[in-house]
Amino acid sequence: GGHLALRRTETRDGREVVTITLFWEYLMTGQADAREEVVHEYVHAVHRLHLERAAYARVPRWVREGLALWVAQQGPARLGWLLQDNIEAGPAVLVDGLEDRADDFDDYAEDWLAFQYVEDEHGAERLQAVARDLLTGAREWPEAIRAHTGEDAATFLDNARRYSRSAVRLAENDLRD
């Protein structure tokens, strides 16, 4: 896998401007949907513009990517795509924990599944509240999760990992059938 788009933030006339570039080859081959990619990158842009550059850089990549995938509704397709690329390795490659890892494209499924876990376990309204807090910078992820789900960070990370492993196994079985 690789990146489907680039996003660059620069200052012009004293204002921050975000430029989004989509790579046409992914769109032309059907590997990516233009609307979904624009929404995904727009989520990153809005998130970045709400936070100072240094604060945005401190947001864990899994939070940034999982949130963008969830809002753009790219999770199921991305999971299927990554599973096809890693069918032999399965959950071991796609679910390696959200924290303390080299986050790469293969981790996007788990990033999204962490947000999907909140929605499935605690409801859409609670996930929307978590997302709102994260996007606006009202709370960092551990505080947003605790405030809207009642789970502390360690419990959330364990539960999200279990949920993600189960979801990857189910998707893997569907792919094999």
Side-chain angles (χ1 to χ4, degrees), residues 3-11 14-20 32-33 35-79 82 94-168 171:
H3 295 283
L4 307 179
L6 278 179
R7 182 185 62 267
R8 186 178 69 240
T9 305
E10 58 189 331
T11 303
R15 292 184 18 220
E16 284 194 321
V17 176
V18 178
T19 303
I20 298 170
D33 175 88
R35 184 202 64 78
E36 290 175 357
E37 289 305 318
V38 168
V39 170
H40 180 112
E41 294 303 326
Y42 186 74
V43 170
H44 288 308
V46 168
H47 195 185
R48 165 59 191 93
L49 292 174
H50 274 303
L51 303 177
E52 295 290 327
R53 189 176 302 268
Y56 182 75
R58 285 192 306 270
V59 175
R61 187 156 179 215
W62 73 263
V63 170
R64 296 191 314 251
E65 292 305 333
L67 184 58
L69 288 161
W70 177 76
V71 172
Q73 300 176 338
Q74 294 173 296
R78 193 63 52 90
L79 174 57
L82 291 171
L94 299 182
V95 182
D96 59 359
L98 295 170
E99 293 283 285
D100 302 322
R101 64 186 163 124
D103 196 73
D104 62 25
F105 200 70
D106 287 345
D107 294 319
Y108 281 26
E110 184 177 10
D111 299 345
W112 163 69
L113 284 165
F115 285 84
Q116 193 60 48
Y117 159 73
V118 173
E119 183 173 13
D120 287 352
E121 192 64 29
H122 300 283
E125 282 185 19
R126 298 216 178 179
L127 177 55
Q128 289 166 2
V130 168
R132 198 169 25 258
D133 280 358
L134 296 173
L135 279 173
T136 62
R139 292 185 171 105
E140 292 187 14
W141 80 264
E143 291 78 26
I145 291 293
R146 181 186 289 281
H148 301 294
T149 71
E151 295 182 19
D152 62 36
T155 300
F156 168 76
L157 291 171
D158 287 344
N159 289 341
R161 180 179 290 158
R162 269 194 293 284
Y163 176 90
S164 295
R165 282 189 181 138
S166 175
V168 169

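Side chains included, hydrogens not; waters and symmetry mates left out as well; all remaining heavy atoms used.
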Q: Between Gly75 and Trp112, which heavy-atom pair has the shortest distance, and what is it?
A: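 Distance-wise, the nearest heavy atoms are CA-CD2, 3.2 Å.
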Q: One pair to check against side-chain contact (heavy atoms from CB on, under 4.5 Å): Gln116 and Tyr163. What are the steps and the verdict?
A: CA-CA 9 Å; Gln116 193 60 48; Tyr163 176 90; 3.4 Å; yes
Q: Does the Ser164 side chain pair with the main chain of Ala160, one donor and one acceptor, at a distance under 3.5 Å?
A: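 Yes, because the side chain of Ser164 sits within donor-acceptor range (under 3.5 Å) of the backbone of Ala160.
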Q: Kindly write out the residues that satisfy side-chain hydrogen bond (donor to acceptor under 3.5 Å, both in side chains) with Thr136, not counting sequence neighbours, or none if the list is empty.
A: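 If we apply the side-chain hydrogen bond (donor to acceptor under 3.5 Å, both in side chains) test to Thr136, skipping adjacent residues, there are no hits.
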Q: Identify, with sequence neighbours excluded, every residue that meets salt bridge (Lys or Arg N to Asp or Glu O under 4.0 Å) alongside Glu37.
A: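 Salt bridge (Lys or Arg N to Asp or Glu O under 4.0 Å) list for Glu37, sorted by chain: Arg78.
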Q: Within the 4.5 Å heavy-atom criterion, are His148 and Arg132 side-chain neighbours or not?
A: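 A side-chain contact is absent here, since even the closest heavy-atom pair is not under 4.5 Å.
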Q: Show your working on side-chain contact (heavy atoms from CB on, under 4.5 Å) between Gln74 and Tyr108 and close with a plain yes or no.
A: CA-CA 10 Å; Gln74 294 173 296; Tyr108 281 26; over 6 Å; no
Q: What distance separates Arg165 CZ from Glu110 CD, expressed to the nearest 0.5 Å?
A: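 Between atom CZ of Arg165 and atom CD of Glu110 there are 8.0 Å.
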Q: Does some side-chain heavy atom of Glu151 sit less than 4.5 Å from a side-chain heavy atom of Asn159?
A: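 SC-SC contact between Asn159 and Glu151 confirmed.
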Q: Would you compute the distance between atom CZ of Arg48 and atom CD of Glu41 and round it to the nearest 0.5 angstrom?
A: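 Reported value, rounded in 0.5 Å steps: 14.5 Å.
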Q: Rounded at 0.5 Å granularity, tell me how far OG1 in Thr9 sits from CG in Leu49.
A: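 With rounding to 0.5 Å, OG1 (Thr9) is 6.0 Å from CG (Leu49).
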Q: Shortest non-hydrogen contact from Val130 to Ala144?
A: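 Smallest interatomic distance, heavy atoms only, reads CG2-O, 3.7 Å.
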Q: Using a 3.5 Å distance criterion without hydrogens, assess whether the side chain of Arg8 forms a donor-acceptor pair with backbone atoms of Thr19.
A: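 Answer holds: no.
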Q: So which atom in Ala57 and which in Arg64 form the shortest heavy-atom distance, rounded to 0.1 Å?
A: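 Looking at all heavy atoms of both residues, the shortest contact is O-NH1, 3.8 Å.
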Q: How are the rings of Phe156 and Trp141 set relative to one another: parallel (under 30°), tilted (30 to 60°) or perpendicular (over 60°)?
A: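 Judged by the thresholds at 30° and 60°, the geometry between Phe156 and Trp141 is tilted.
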Q: Which residues pass the side-chain hydrogen bond (donor to acceptor under 3.5 Å, both in side chains) test with Asp158, not counting sequence neighbours?
A: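 If we apply the side-chain hydrogen bond (donor to acceptor under 3.5 Å, both in side chains) test to Asp158, skipping adjacent residues, there are no hits.
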Q: Using the side-chain contact (heavy atoms from CB on, under 4.5 Å) rule, take Leu94 and Leu113 through it: C-alpha gap first, then chi angles, then the decisive distance, then the call.
A: CA-CA 10 Å; Leu94 299 182; Leu113 284 165; over 6 Å; no
Q: Are Phe115 and Leu69 close enough that some pair of their side-chain heavy atoms sits under 4.5 Å apart?
A: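 They are not in contact (no side-chain heavy atoms under 4.5 Å apart), so the answer is no.
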Q: Looking at residues at least two apart in the chain, or sitting in another chain, which of them share a ring-ring contact (aromatic ring centres under 6.0 Å, His included) with Tyr56?
A: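 His47.
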Q: Please round to the nearest 0.5 Å and tell me the distance separating atom CD of Glu99 and atom CG of Leu157.
A: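 Taking CD in Glu99 and CG in Leu157, the distance rounds to 5.5 Å.
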Q: Rounded to the nearest 0.5 Å, what's the gap from CD on Gln73 to CG on Asp33? Could you check?
A: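 The CD atom of Gln73 sits 10.5 Å away from the CG atom of Asp33.
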Q: Using a 6.0 Å cut-off, check whether atom CD of Glu10 has over 12 heavy atoms from anything other than its own residue.
A: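 Counting other residues, nucleotides and ligands, CD of Glu10 exceeds 12 neighbours.
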Q: Applying side-chain contact (heavy atoms from CB on, under 4.5 Å) to His122 and Leu127, what does each step give before you reach the verdict?
A: CA-CA 7 Å; His122 300 283; Leu127 177 55; over 6 Å; no
Q: Quick check: closest heavy atoms across Thr149 and Ile145, and the distance to 0.1 Å?
A: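 Closest approach of Thr149 to Ile145, heavy atoms only: OG1-O, 2.5 Å.
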Q: Report the residues that fulfil salt bridge (Lys or Arg N to Asp or Glu O under 4.0 Å) with Arg53, sequence neighbours left out, ordered by chain and then residue number.
A: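 So Arg53 forms a salt bridge (Lys or Arg N to Asp or Glu O under 4.0 Å) with Glu16.
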Q: Shortest non-hydrogen contact from Leu98 to Ala114?
A: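 Looks like CD1-CB, 3.6 Å.
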Q: Among all residues two or more places apart in sequence or in another chain, which pass the ring-ring contact (aromatic ring centres under 6.0 Å, His included) test with His44?
A: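 Applying ring-ring contact (aromatic ring centres under 6.0 Å, His included) to His44 gives His40.
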Q: What are the two closest heavy atoms between Ala167 and Leu79, and how far apart are they?
A: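 Closest approach of Ala167 to Leu79, heavy atoms only: O-CD2, 4.4 Å.
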Q: At what distance, to the nearest 0.5 angstrom, does CZ of Arg146 lie from CD of Glu140?
A: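 It is 14.0 Å, given to the nearest 0.5 Å.
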